[in-house]
Amino acid sequence: ATHVGDINSLSISPDGRLLAIGGEKLKLWDLISQQEVADLKGHSHEINSLSFSSDGKLLASASSDGARVWDVSSRSVLAVLRGHQGPVLEIAFALGGKQLVTKDQYGTAKLWNPFVRYGETTFTISRSDERNSLPITPDNIRWISFGADPRTIKVIDFASGQEHILRDNNNFRFMGPIVDGKGLITVSDSQTHTVKRWNLVSGRVEMIFTPSGADYVEFVEKSDTVF
């Protein structure tokens, strides 16, 4: 595939057939025939991020002029999403394509209904921690981000909109979701760099591991439910 201009973002459809390329322009390429099949026009600025829905029927694009949702089959715009105070740098579908998450350069994230023509936000997270990109769990149903207090992590359930807080005695340094989306691994900023595995459904700590000094693993059998 030949694409004229800078490339800022790529996304491949779930069936592996289409490649979306974003930069100065937004184009779709058929990876089987290796031919350009669409030049999607509408953005007035460069494309910063792209995301196909899980069924491949929708494509979301983020730019300094906001975000758009495209119908892949008709190549038409389904929704224009505006409301961020700065350029939208990242975008991703959640809840199997029923919701859309965007994040701007100031760290503000928004959850949208992608099927409303001019955008409808479900909730907004102001100035989420910039250490994260779009911190969506692999199952696409939860948002996780460092809290304003460095000893906390914010967990938001997309379906219910409920917000929960994980708290530790030490500052969190790193975190990463477990593949099934129901767990989270964190590393503390303490001298021992304690590693913990959290259950995102209950808020419980299920495992504690200290890699420094005398290595040990502690499996927590009983713990109060946090949520």
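Counting from 1, the numbers follow the sequence of the chain as shown.
Between the side chain of S49 and the backbone N or O of I91, at least one donor-acceptor pair lies under 3.5 Å. Using modelled atom types, one side-chain atom of S63 and one backbone atom of H45 make a donor-acceptor pair closer than 3.5 Å. A donor-acceptor distance shorter than 3.5 angstrom exists from the side chain of S9 to the backbone of L50, with no hydrogens or angles considered.
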Pair S76-W70, side chain to side chain donor-acceptor pair (under 3.5 Å): steps then yes or no:
CA-CA 6 Å; S76 61; W70 307 80; over 6 Å; no

Hey, mind stepping through L40 and K27 against side chain to side chain contact (heavy atoms under 4.5 Å, CB included) and telling me if it holds?
CA-CA 6 Å; L40 304 180; K27 294 178 179 287; over 6 Å; no

Output, in order, the C-alpha distance, side-chain angles, deciding distance and verdict of side chain to side chain donor-acceptor pair (under 3.5 Å) for E206 and N199.
CA-CA 7 Å; E206 296 182 328; N199 184 313; 2.9 Å; yes

Evaluate the side chain to side chain contact (heavy atoms under 4.5 Å, CB included) criterion for residues L18 and L31: first the C-alpha distance (whole Å), next the side-chain angles of each, then the deciding distance (0.1 Å), finally the verdict.
CA-CA 6 Å; L18 291 177; L31 293 177; over 6 Å; no

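Side-chain contact annotation: D30 with Q35, donor-acceptor N/O pair under 3.5 Å absent. Judged by distance alone, the side chains of D65 and S44 do bring a donor and an acceptor atom under 3.5 Å apart. Side-chain atoms of E46 and N8 form a donor-acceptor pair, as typed in the model, at a separation below 3.5 Å.
The side chain to side chain donor-acceptor pair (under 3.5 Å) check on T186 picks up W198, with sequence neighbours excluded. With sequence neighbours left out, S51 forms a side chain to side chain donor-acceptor pair (under 3.5 Å) with no residue at all. Every residue meeting the side chain to side chain donor-acceptor pair (under 3.5 Å) condition with D15, not counting sequence neighbours, appears here in chain and number order: S13.
Hydrophobic clustering of Ile, Leu, Val, Met, Phe, Trp and Tyr side chains at less than 4.5 Å, counting indirect connections, keeps V88 apart from L78. Grouping the Ile, Leu, Val, Met, Phe, Trp and Tyr side chains by contacts below 4.5 angstrom, directly or via other members, places V72 with I47.
By the neighbour-count criterion of 12 heavy atoms within 6.0 Å, atom CG of D39 is densely surrounded, having more than that number from other residues, nucleotides or ligands.
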